[in-house]
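Heads up: the structure comes next, in structure tokens.
Remember, predicted model here, so these are calculated numbers, not experimental data. Computed over heavy atoms, backbone and side chain alike; hydrogens, waters and symmetry mates excluded.
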Amino acid sequence: MDASILRDLSRETQEFFLDSCKRRTFKAGETMLSQGEHTDSMLIVAEGRIEISYVNETGHHSIIYHAFSGNVLGMVETLSERPCAGTCKALSDTTVLMCRRSDLIKKMASKVFVRNFAADLHDVLAHDNRFKSIDQFFSAEQKICVYLEKLSQDGSVFTESQGYLADVVGCSRQTVNKELGRLRDRGIIEMTKAGIKILDIKALSDRLSELGDTKATGTG
């Protein structure tokens, strides 16, 4: 009900839309949409975390986005009947609601739904612009703070490996280990068997703001 695509629709309309969707659960590591393949259904994330990745012409794999509860995936591909622009893989056990193209097209008759669709696209564009700038200009520690904050927004523990974080940030594992050590020494995070536990999310945000004062030159 809190999904942005349903914002400002009547309760009855929201319930009717959700009832028309098919509920499906994916185990961690399972792929739900594959780059280059077609889909006839968009996905609304009900619970869990999803990684969206892209493989370029030379075979290089990039992690480009992470989706959480309420996010929508595959809507543009479903409506345009174009192949998926990336691969969507569950990072944890994830439940999605799948809306078929025929049902989705019917919803596009609603001006509110179309507005919500456009707003969702705008949010994706704004996210991509921000993280493109972060990847290009931020220091390693700045990027680690940003991605830790982003990837643990559904909880206080980043459960993926340090190697995974290195791939997301785009630097070596040695650099990640060094910068995580600095955050640990400041009492911001704790390294556990379960993953990287954020002890103080406000301190993490404050540290990111503090680092921002060094000017985003990439040398931080």
Donor-acceptor contact below 3.5 Å, side chain S69 vs main chain A46: yes
R49 backbone acceptor or donor facing S92 side chain under 3.5 Å: yes
Ring pair (Phe, Tyr, Trp, His ring centres under 6.0 Å): pairs with one or both residues in residues 91-116, sequence neighbours excluded: F17-F113
K132/D128 ion pair, N-O < 4.0 Å: no
ILVMFWY network linking L33 to V45, side-chain heavy atoms under 4.5 angstrom: yes
Atom pair CG/CD1 of D2 and I5 - distance to nearest 0.5 Å: 14.0 Å
Residue pairs fulfilling salt bridge (charged side-chain N to carboxylate O under 4.0 Å, His left out) with at least one residue in residues 91-119, sequence neighbours excluded: D8-R115, D40-R100
Derivation and outcome, side-chain contact (heavy atoms from CB on, under 4.5 Å), residues I64 and S53: CA-CA 5 Å; I64 57 174; S53 62; 5.7 Å; no
Test side-chain contact (heavy atoms from CB on, under 4.5 Å) applied to I50 and V96, step by step: CA-CA 10 Å; I50 298 173; V96 301; 4.2 Å; yes
Side-chain donor/acceptor of E51 to backbone N/O of K89, under 3.5 Å: no
Atom OH of Y54: over 12 foreign heavy atoms under 6.0 Å: yes
Test item: R130 and I134 side chains (from C-beta on) under 4.5 Å apart, heavy atoms: yes
Exercise: identify the closest heavy-atom pair between E149 and I201: CG-CD1, 4.2 Å
Rounded distance [0.5 Å steps], CG in L180 versus CD in E190: 13.0 Å
Check against side-chain contact (heavy atoms from CB on, under 4.5 Å), K143 and C171: CA-CA 10 Å; K143 288 193 284 186; C171 60; 5.6 Å; no
Residues that F117 engages under ring pair (Phe, Tyr, Trp, His ring centres under 6.0 Å), provided they are two or more places apart: none
V146-I63 co-clustered via ILVMFWY side chain contacts under 4.5 Å: yes
Nearest heavy atoms of T94 and G48, plus distance in Å: OG1-CA, 3.6 Å
Ring pair (Phe, Tyr, Trp, His ring centres under 6.0 Å) partners of F131, counting only residues at least two apart: H127, Y147
Full working for side-chain contact (heavy atoms from CB on, under 4.5 Å) between M32 and L43: CA-CA 9 Å; M32 49 199 73; L43 312 177; 3.8 Å; yes
From CD (Q35) to NE2 (H61), nearest 0.5 Å: 9.0 Å
Criterion side chain to side chain donor-acceptor pair (under 3.5 Å) on S34 and T31, from CA distance to verdict: CA-CA 7 Å; S34 297; T31 296; 5.2 Å; no
Separation between SG of C145 and CD of E210, rounded to the nearest 0.5 Å: 9.5 Å
For V169 against A140, the heavy-atom pair lying closest together: CG1-O, 4.5 Å
Spacing of CD1 belonging to I44 relative to CG belonging to N71, to within rounding of 0.5 Å: 10.5 Å
Derivation of the side chain to side chain donor-acceptor pair (under 3.5 Å) call for Q142 and S139: CA-CA 5 Å; Q142 284 175 306; S139 68; 3.2 Å; yes
Electrostatic pair E179-R182, nearest N-O below 4.0 angstrom: yes
Sequence neighbours excluded and cut-off under 3.5 Å, please list the side-chain donor-acceptor pairs for residues 77-84, or say none.
from: E77; atom 1: OE2; to: A85; atom 2: N; distance (Å): 3.1
from: T78; atom 1: OG1; to: S41; atom 2: O; distance (Å): 3.2
from: T78; atom 1: OG1; to: M42; atom 2: N; distance (Å): 3.3
from: T78; atom 1: OG1; to: G74; atom 2: O; distance (Å): 2.6
from: S80; atom 1: OG; to: V76; atom 2: O; distance (Å): 2.7
from: S80; atom 1: OG; to: R82; atom 2: N; distance (Å): 3.3

Pairs meeting criterion salt bridge (charged side-chain N to carboxylate O under 4.0 Å, His left out) with involvement of residues 64-74, two or more places apart: none
Side-chain heavy atoms of L183 within contact of L148, under 4.5 Å: yes
V55 reachable from L91 in the ILVMFWY side-chain graph, under 4.5 Å edges: no
L204-L208 co-clustered via ILVMFWY side chain contacts under 4.5 Å: yes
Between CG on residue L165 and CD1 on residue I144, distance to nearest 0.5 Å: 6.0 Å
hydrophobic_cluster_shared for V168 and I189, side chain cutoff 4.5 Å: yes
Residues, nucleotides or ligands: over 12 heavy atoms within 6.0 Å of E47 CD: no
Minimum heavy-atom distance between A3 and G70, given as atom pair plus value: CB-O, 3.7 Å
Check: S133 main-chain N/O paired with Q136 side-chain donor or acceptor under 3.5 Å: no
N-O pairing of E141 and R207 below 4.0 Å: yes
